[in-house]
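Take a look at the structure below.
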Amino acid sequence: MSTAESATSTATRRTPGLVPVTETMRTTERTEEPATDHPAAGPSGPSAPSGRRSAARATWAFWRLLGSELGLTFRRPRNLVMLAVLAAVPVVIGVALRLVGGSDDGMGGIIQAVAGNSLMLTFVSFSFLVLLLMPVAISVVAGDSIAGEAGGGTLRYLLAAPAGRTRLLAVKYLNAVVYAYAVTAVVALSALLTGLVLFPAGPVTLLSGTTIPVLDGLVRIAITVGYVGAGMAALAAIALALSTFTEVSIGAIAGTMVLVIVCQVLRAIPELGSITPYLLPTKFTNFDAVLRSPIDTGALADGLLTFGAYILLFGTIAWARFSGKDITS
């Protein structure tokens, strides 16, 4: 080997842990294979089948990465324990309401509603959980998504794959969204089954005084699951954005929960009523619009619009931060 070749070989080798930012960015955002490498490519550019195959490979790689991420999330004991705890809370609420309802002390409005129909336990459970325990579970998963990989030293290896930073960020967010809807569905299913066991099933009396059949009540529960899941997805966008600013996942998780708690405090101050409609937790409880006849679609649409705005804002922040972030660990 000549002296020039030896120098070139030495220059191209990098010590592990000291990968320059420019090299990391190149491996992160790999381009498609050159057109001339494919036998079907002509002198003027790649053929249509080649382009379709490249797109198909990229799509398959994306879904395979998402499937792997979902598998890791739903196999992690911590995440399963959080699902179990959230599933147990509606049972505890239902038993407590059943015991209070059977006493001689009389029943309040909530207890009367649940005791009168089992489906109401689902809405009561969401009212208890959507402002604190459910946000904790979402914050843990979304806040750990990027910061956990960076802290564990695995983020750089993920970026070496041809998925790219934008696709990796999208996979992490979609994983958090799936978990958010899993949390919401688990709470709804647990509350529904507990209600059917402890309380009678029959026509549901809404807050507006109208009585609807059981099937209509189940449809409204499904709408509630979709709405609450969208709210948790908006919170996941905030946690994901914070996760791109730190390599310590507990920092992103705590930051998200502090934000939720501060919003709750601000909502309790009458003098700050002008900003209350713009706070994310304010819209979490808008699902009670399904308990009116007809359904208050305006309240639901307003909440979904707010969720979309938060997702767009913090998704953009996460992308801007992560796409130019130096990966040093």
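- Among all heavy-atom pairs drawn from Ile311 and Ala234, the shortest one is CG1-CA, 3.6 Å.
- Both Val214 and Val290 belong to a single network of hydrophobic side chains, linked directly or stepwise wherever heavy atoms of I, L, V, M, F, W or Y lie under 4.5 Å apart.
- Side-chain atoms of Ser125 come within 3.5 Å of backbone atoms of Leu121 as a donor-acceptor pair (strictly under, hydrogens ignored).
- A 4.5 Å side-chain heavy-atom check between Ile317 and Phe245 finds at least one atom pair inside the cut-off.
- The minimum heavy-atom distance linking Ala233 with Ala180 is given by the pair N-CB, 4.3 Å.
- Residues Asn175 and Val141 meet the side-chain proximity criterion, which asks for heavy atoms closer than 4.5 Å.
- Looking at heavy atoms from C-beta onward, Met120 lies out of side-chain contact with Leu97 at the 4.5 angstrom threshold.
- A distance-only check finds a donor-acceptor pair linking the side chain of Asn117 to the backbone of Gly202 [under 3.5 Å].
- The number of heavy atoms from other shown groups lying within 6.0 Å of OH (Tyr278) does not exceed 12.
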Could you go step by step and tell me if Arg76 and Asp144 meet the side-chain contact (heavy atoms from CB on, under 4.5 Å) rule?
CA-CA 12 Å; Arg76 184 168 292 179; Asp144 185 61; 3.0 Å; yes

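- With Thr194 as the fixed residue, the side-chain contact (heavy atoms from CB on, under 4.5 Å) test singles out one of Leu198, Val197, Leu192, Leu196: Leu198.
- Residue Pro281 comes nearest to Arg267 through the heavy atom pair O-NH1, 3.7 Å, listed as atom of the first residue, atom of the second, then distance.
- At a threshold of 4.5 Å between non-hydrogen side-chain atoms, the residues Val130 and Thr184 do not count as touching.
- Grouping the Ile, Leu, Val, Met, Phe, Trp and Tyr side chains by contacts below 4.5 angstrom, directly or via other members, places Phe287 apart from Leu279.
- The closest donor-acceptor contact from the side chain of Thr210 to the backbone of Leu206 lies at 3.5 Å or more, if one exists at all.
- Residues Pro270 and Ala268 approach most closely at CD-O, 3.3 Å, considering heavy atoms.
- Of the possible donor and acceptor atoms, none in the side chain of Ser190 sits under 3.5 Å from a partner among the backbone N and O of Val187.
- One hydrophobic cluster, built from ILVMFWY side chains closer than 4.5 Å, cannot hold both Leu193 and Leu119; they sit in different ones.
- Apart from Val85 itself, the hydrophobic cluster it occupies contains Val81, where clustering links Ile, Leu, Val, Met, Phe, Trp and Tyr at side-chain heavy-atom distances under 4.5 Å.
- Applying the salt bridge (charged side-chain N to carboxylate O under 4.0 Å, His left out) test to pairs two or more places apart or on separate chains, those with a residue in residues 204-229 are Asp216-Arg220.
- Panel note: side chain Ser68, backbone Leu65; no donor-acceptor pair is recorded below 3.5 Å.
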Evaluate side-chain contact (heavy atoms from CB on, under 4.5 Å) for Leu168 paired with Leu155, printing each intermediate quantity in order.
CA-CA 10 Å; Leu168 178 61; Leu155 182 58; 4.0 Å; yes

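- The shortest side-chain heavy-atom distance between Thr224 and Thr122 does not fall under the 4.5 Å cut-off.
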Using the side-chain contact (heavy atoms from CB on, under 4.5 Å) rule, take Val183 and Met232 through it: C-alpha gap first, then chi angles, then the decisive distance, then the call.
CA-CA 9 Å; Val183 165; Met232 295 299 104; 5.9 Å; no

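- Counting only heavy atoms from C-beta outward, the side chains of Leu66 and Val178 never approach each other to under 4.5 Å.
- Cluster membership for Tyr181 and Val219, using ILVMFWY side-chain heavy atoms within less than 4.5 angstrom, is shared.
- No side-chain heavy atom of Thr211 sits under 4.5 Å from any side-chain heavy atom of Val204.
- Nearest heavy-atom pair, Ser243 versus Ala147, reported as atom, atom and distance to 0.1 Å: OG-N, 2.7 Å.
- Within the 4.5 Å cutoff, no side-chain heavy atoms of Thr166 are placed close to those of Phe322.
- Here Phe284 and Phe126 keep their ring centres 6.0 angstrom or further from each other.
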With side-chain contact (heavy atoms from CB on, under 4.5 Å) as the criterion, how do Val228 and Met134 come out once you've worked through the C-alpha distance, each side chain's angles and the decisive distance to 0.1 Å?
CA-CA 10 Å; Val228 174; Met134 289 177 65; 3.7 Å; yes

